[in-house]
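Basis for what follows: all heavy atoms, side chains included, without hydrogens, waters or symmetry-related copies.
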Amino acid sequence: MEQNVYDVLEERGFLKQCSHPEELHELLGKEKVTFYIGFDPTADSLHIGHYVALMTMAHMQRAGHRPIVLLGTGTAFIGDPSGKTDMRTLMSKEQLAHNAACFQKQMSRLIDFSEGKAIMVQNGDWLYDLNFLDFMRDIGVYFSVNRMLTAECYKQRMERGLTFFEMSYMLMQSYDFLELNRRYGCTLEMGGDDQWNNILGGADLIRRKEQKLAYALTTALLTTSDGKKMGKTEKGAVWLDKEKCSVYDFYQYWRNVGDQDVEKCLALLTFLPMDEVRRLGSLPGEQINEAKRVLAFTLTKQVHGEEEAIKAQTAAEALFSGGKDQSSIPTCELSMDDIAASGLRVVDLLVISKLASSKSDARRLIQGGGVFIDDVKVESVNQMLETSEIEGDGMIFRKGKKSYCRVRKA
RNA sequence: GGAUGGGUUCCCGAGCGGCCAAAGGGAGCGGACUGUAAAUCCGUUGUCACAGACUACGAUGGUUCGAAUCCAUCCCCAUCCA
């Protein structure tokens, strides 16, 4: 007999808050439930935070339920103030449409949209043309300003200021849930725990407008054991788009998670059986590295495909464990223009290969003893290369212990 | 609309005429130690043609030999009043 997906999610550590735990548990066990998760397209790629939500969605879909992906082209036009310190930068409808298209592509790898197994909609379709006065009379009347102001998620904003514009976000999101309930019989909204307030708003609205029960469920945010948000790298967020975060960097991010966080990551981000997750997570001392390798490989494979995952792993082995196959190491190809511009100064090459953010930065790194070429420390800021050295396989530049780049002539 | 207090480098936050590329903290980066972990300690953190120069302290003008610091106007934010 198949396990109830509610139990699966609970066991893997997804669940955070639920409006009606017992009822929902029972419902998920006996019938096909249509549920939704909203994603505001505020960037041109999903990042790892979105991925946790997609994982819950995937678990639900595997259990036979029907997901609706809601692309928030309408809600992102305003920007969610929940848990934010400042107002978001405003984006144009064109930008949002472009971002939504990017999201769409990335999602199909994890969620099966064939044959109506999942639905994708954009809330701009109904939000863009709303009439303000009608909306306020139909929907606005159900929201208490007093209650909204006491919500935890606006706390930071209460200190710094909150506009009416942003306050309307919650009404928009609540209205989405109502709309999806009417259109598709959607009875459950899920989302990150920071969305609790907004989700409840929708469930309440459905109860009042339709006299129907709707469920709210939030999932854990991806945080480290000391409570910091995960998914930040030196270059920014851990994006799922390999143009924004190379497969190698993606792999390395997971290969380097803290000991305390491996088990959680395996549970939330992979489909490995929980027995295996627990076994890997409890490996003692140095052996925990095995768990990190599994995490990095499995997740990279899920996101970027097996071929790319193998390349990233091969490169990692070549650089860190004395592996022989160096072909997959991240490479910076120098054009004749680059070569001419750099004059083959190491300082300039560090900038071209993106290991340093500026020449000053490159100088500092060299002075601090953090730059190596083919494992030989660069001693002088003025060091130059010979043309012959960048022919063929080129040379491997290293910044610190973990940042590598092969520099060679194109 | 009125009163008051503010806008400083990635973030918080000191400075309040020259000694300021700007204290301190956070975060990042590099080094040491390690297990490509955490913790800890040390260094570093505007740019460049790098013992020198240039650009920066909300915006624009002004006063001064000299301004982040003084003055004027403007823009934004917070608090209280309406």
Side-chain angles (χ1 to χ4, degrees), chain A residues 81 84-87 89-90 154-163 165-166 223-238 246 248-266 280-297 299-300 312-323 328-330 341-343 345-348 350-373 375 377-384 396-405:
Chain A
K84 301 276 184 324
T85 336
D86 296 297
M87 192 164 123
T89 329
L90 296 179
Y154 300 131
K155 213 172 172 185
Q156 292 179 35
R157 295 307 300 276
M158 292 307 291
E159 284 155 27
R160 307 197 65 159
L162 189 56
T163 58
F165 172 70
E166 291 171 278
T223 52
T224 59
S225 53
D226 44 357
K228 288 182 202 132
K229 262 191 199 162
M230 280 189 82
K232 291 277 176 201
T233 68
E234 48 186 304
K235 289 158 198 153
V238 177
S246 74
Y248 175 78
D249 287 338
F250 185 87
Y251 178 94
Q252 281 301 314
Y253 183 83
W254 303 106
R255 177 64 188 79
N256 281 309
V257 295
D259 290 4
Q260 302 306 311
D261 302 320
V262 194
E263 186 167 326
K264 183 185 200 168
C265 290
L266 283 165
L280 287 166
S282 55
L283 288 171
E286 192 186 334
Q287 288 178 47
I288 192 83
N289 282 316
E290 173 59 18
K292 296 182 190 181
R293 269 190 290 276
V294 172
L295 170 66
F297 183 78
L299 185 50
T300 307
Q313 191 181 44
T314 309
E317 276 165 15
L319 295 169
F320 293 102
S321 321
S328 301
I329 293 170
S342 71
R345 281 184 299 271
V346 171
V347 168
D348 295 69
L350 283 167
V351 176
I352 292 171
S353 62
K354 303 226 168 60
L355 286 175
S357 58
S358 68
K359 290 181 199 175
S360 299
D361 187 33
R363 284 200 181 83
R364 264 178 242 124
L365 285 166
I366 292 172
Q367 278 158 2
V371 177
F372 300 79
I373 295 179
D375 277 331
K377 188 194 275 186
V378 175
E379 299 291 348
S380 162
V381 173
N382 300 314
Q383 188 158 330
M384 315 272 278
I396 296 180
F397 278 46
R398 187 176 110 217
K399 178 189 90 161
K401 294 186 196 76
K402 297 179 198 167
S403 304
Y404 292 87
C405 185

Starting at atom [atom1] of [X], determine the distance to atom [atom2] of [N], rounded to an integer number of angstrom.
X: K402(A); N: rG35(B); atom1: NZ; atom2: P; value: 13 Å
X: Q367(A); N: rG30(B); atom1: CD; atom2: P; value: 16 Å
X: D259(A); N: rA37(B); atom1: CG; atom2: P; value: 9 Å
X: L350(A); N: rG30(B); atom1: CG; atom2: C1'; value: 13 Å
X: D261(A); N: rG35(B); atom1: CG; atom2: P; value: 20 Å
X: K401(A); N: rG35(B); atom1: NZ; atom2: P; value: 12 Å
X: W254(A); N: rA37(B); atom1: CH2; atom2: P; value: 16 Å
X: Q287(A); N: rA38(B); atom1: CD; atom2: P; value: 19 Å

Distance between [atom1] atoms of [N] and [M] (Å, rounded):
N: rC10(B); M: rC19(B); atom1: C1'; result: 27 Å
N: rG46(B); M: rA22(B); atom1: C1'; result: 12 Å
N: rG28(B); M: rG15(B); atom1: C1'; result: 25 Å
N: rA14(B); M: rA23(B); atom1: P; result: 14 Å
N: rA39(B); M: rA27(B); atom1: P; result: 9 Å
N: rG26(B); M: rU44(B); atom1: C1'; result: 15 Å

Using a heavy-atom cut-off of under 4.0 Å over every strand shown, decide if V257(A) touches base, sugar-phosphate, or nothing.
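Counting heavy atoms under 4.0 Å across all strands, the contact made by V257(A) is with sugar-phosphate only.
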NA contact type, Q252(A), heavy-atom cut-off 4.0 Å: base, sugar-phosphate, or nothing?
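Base, at least one base atom sits under 4.0 Å.
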Answer whether the closest heavy-atom distance between the side chains of V346(A) and F397(A) falls below 4.5 Å.
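V346(A) reaches F397(A) side chain to side chain.
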For Y251(A), which residues count as a ring pair (Phe, Tyr, Trp, His ring centres under 6.0 Å) partner, sequence neighbours excluded?
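With neighbours one apart ignored, the set is empty.
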Identify, between G400(A) and G285(A), the residue whose nearest nucleotide on RNA chain B lies closer to the 5' end.
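Closer to the 5' end of RNA chain B: G400(A).
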Near RNA chain B, under 4.0 Å by heavy atom, which residues of residues 288-295 of chain A?
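RNA chain B contact set from residues 288-295 of chain A: I288(A), N289(A), K292(A).
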State the pairing partner of rU79(B); accept Watson-Crick or G-U wobble contacts with both distances under 3.5 Å, and report none otherwise.
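With both distances under 3.5 Å, rU79(B) matches rA3(B).
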So what's rU47(B) paired with, Watson-Crick or G-U wobble, going by both distances under 3.5 Å?
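Base-paired to rA53(B).
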Checking contacts here: which listed nucleotide (rG31(B), rG35(B), rG30(B)) is nearest the side-chain heavy atoms of K399(A)?
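My answer, after comparing the listed nucleotides, is rG30(B).
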So, R364(A) and D361(A), do they make that salt bridge, N to O below 4.0 Å?
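Looking at R364(A) and D361(A), the cut-off is met.
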Produce the list of close N/O pairs, under 3.5 Å, pairing protein atoms with atoms of nucleotides 42-48 of chain B; give distances to one decimal.
{"unit_1": "rU47(B)", "atom_1": "OP1", "unit_2": "S358(A)", "atom_2": "OG", "d": "2.8"}
{"unit_1": "rU47(B)", "atom_1": "OP2", "unit_2": "R364(A)", "atom_2": "NH2", "d": "2.3"}
{"unit_1": "rC48(B)", "atom_1": "OP1", "unit_2": "K359(A)", "atom_2": "N", "d": "3.3"}
{"unit_1": "rC48(B)", "atom_1": "OP2", "unit_2": "K359(A)", "atom_2": "N", "d": "3.1"}
{"unit_1": "rC48(B)", "atom_1": "OP2", "unit_2": "S360(A)", "atom_2": "N", "d": "2.7"}
{"unit_1": "rC48(B)", "atom_1": "OP2", "unit_2": "S360(A)", "atom_2": "OG", "d": "2.8"}

With no hydrogens and no angle check, is any side-chain donor or acceptor of K359(A) less than 3.5 Å from a backbone partner on V347(A)?
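Pair absent, no side-chain N/O of K359(A) close to backbone of V347(A).
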